[in-house]
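To start, the structure under review is shown below, and the notes come after it.
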Amino acid sequence: MMRGVFAISLVLVSDVLSGASKLSDSNTSANEIKAVLDAVNSIRTGKELHALAHEEPASLAATLHAKELAERNLLSHRSLNGERVVERYRFAGGTGTMAGENLGAGDSIESILLAWMKSSSHSSNLLNSEWYNAGFGQVRTESGRIILVAIFSNSRWKNSSFEVNRGIAILSGELIYPEGIRPPTVFIRVGDNAINPAPMEPGAKQTKFSFPIPQSWRIGSMVPILFSVVESGVARQVDLLLLEVP
């Protein structure tokens with residue numbers, strides 16, 4: 001079951017989002033995302049935590065939410081239609097079973113990050129050891145104020161591909177793990193069956209699972225596949241892949 005982690009500090013809400021009615025039409029650029037990610041990772045590695053990888057669905061969800069918050073002239077973890085971060089992240093294509101969110105408004109990214117680190121709820125979210133990915137969205141209002149949304153996830157799987165050939169399903173993708181850390185043991189669960197990956201060739205980046213398709217699968221149907229990691233003897237479900245049977 002997916003659960004969300006939410007954090008917002010009143011010290012950030014008290015910064016008025018003046019000038020939010022007229023916004024820049026541009027999306028959050030790759031350079032802007034990288035700058036915030038580098039700053040966040042500098043904070044995390046300074047606390048002896050692993051760095052986060054950029055996750056495109058998280059940035060998409062964060063950018064859409066930042067624009068909506070600016071138009072509404074407030075900071076809220078609920079969208080206008082009531083969706084929380086886990087739902088918005090999943091609708092944007094994220095697969096992680098957990099997602100967390102920090103919101104901020106200020107004159108600069110640096111001032112927002114500083115306010116987050118002074119807030120116990122924001123700092124604990126940013127420094128959560130269960131996160132492996134992050135995405136960011138920012139909007140600058142006409143008055144020059146910045147609204148920043150950060151979305152974190154526990155996903156360990158990216159660049160997924162799925163095919164069925166002669167009754168055999170093949171799921172491929174890349175495993176996310178920090179540099180210098182031994183890769184975890186991984187497996188997927190299809191129905192009641194736990195399936196281990198195929199042996200990887202030296203230097204290969206792709207992790208691949210191959211298995212006979214269950215009789216209950218039908219072409220065009222959506223099927224859930226759970227991706228899990230085992231680290232320090234503990235198994236954790238980290239991704240829920242909802243895939244269409246080709």
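Note that the structure is a prediction, hence the values are computed from the model and not measured.
Defined by atom type and a distance below 3.5 Å, a donor-acceptor pair is present between the side-chain atoms of Asn159 and Glu174. Under the 3.5 Å distance criterion, with hydrogens and angles disregarded, a donor-acceptor pair is assigned to the side chains of Glu55 and Ser153. Asn31 and Ser29 share no side-chain donor-acceptor pair at under 3.5 Å.
Between Trp157 and Phe209, the angle of the ring planes lies from 30° to 60°, which puts this pair in the tilted group.
The pair Glu68-Arg72 meets the salt-bridge criterion, with a side-chain N (NZ, NE, NH1 or NH2) lying under 4.0 Å from an Asp/Glu carboxylate O. We find that Arg156 and Glu231 are joined by a salt bridge, their nearest charged nitrogen and carboxylate oxygen being less than 4.0 Å apart.
Under the 4.5 Å side-chain criterion, counting only non-hydrogen atoms from C-beta, Glu101 is not in contact with Tyr89. Taking 4.5 Å as the limit, some side-chain heavy atom of Phe136 sits within range of a side-chain heavy atom of Val40. Inter-residue side-chain proximity for Ile225 and Phe211 is flagged as met; some heavy-atom pair is nearer than 4.5 Å.
Minimum heavy-atom separation, Pro214 to Val190: CG-CG1, 3.9 Å.
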List the steps and the verdict of side-chain hydrogen bond (donor to acceptor under 3.5 Å, both in side chains) for His65 and Ser79. CA-CA 7 Å; His65 196 51; Ser79 64; 5.7 Å; no
Between Thr97 and Asp239, is the side-chain hydrogen bond (donor to acceptor under 3.5 Å, both in side chains) condition met? List the steps. CA-CA 5 Å; Thr97 57; Asp239 287 82; over 6 Å; no
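When each of Val164, Asn165, Val223 is checked for a side-chain contact (heavy atoms from CB on, under 4.5 Å) with Ile213, only Val164 meets the rule.
By the 6.0 Å contact criterion, CG on Leu242 is enclosed, its count of non-hydrogen atoms from other residues, nucleotides or ligands being greater than 12.
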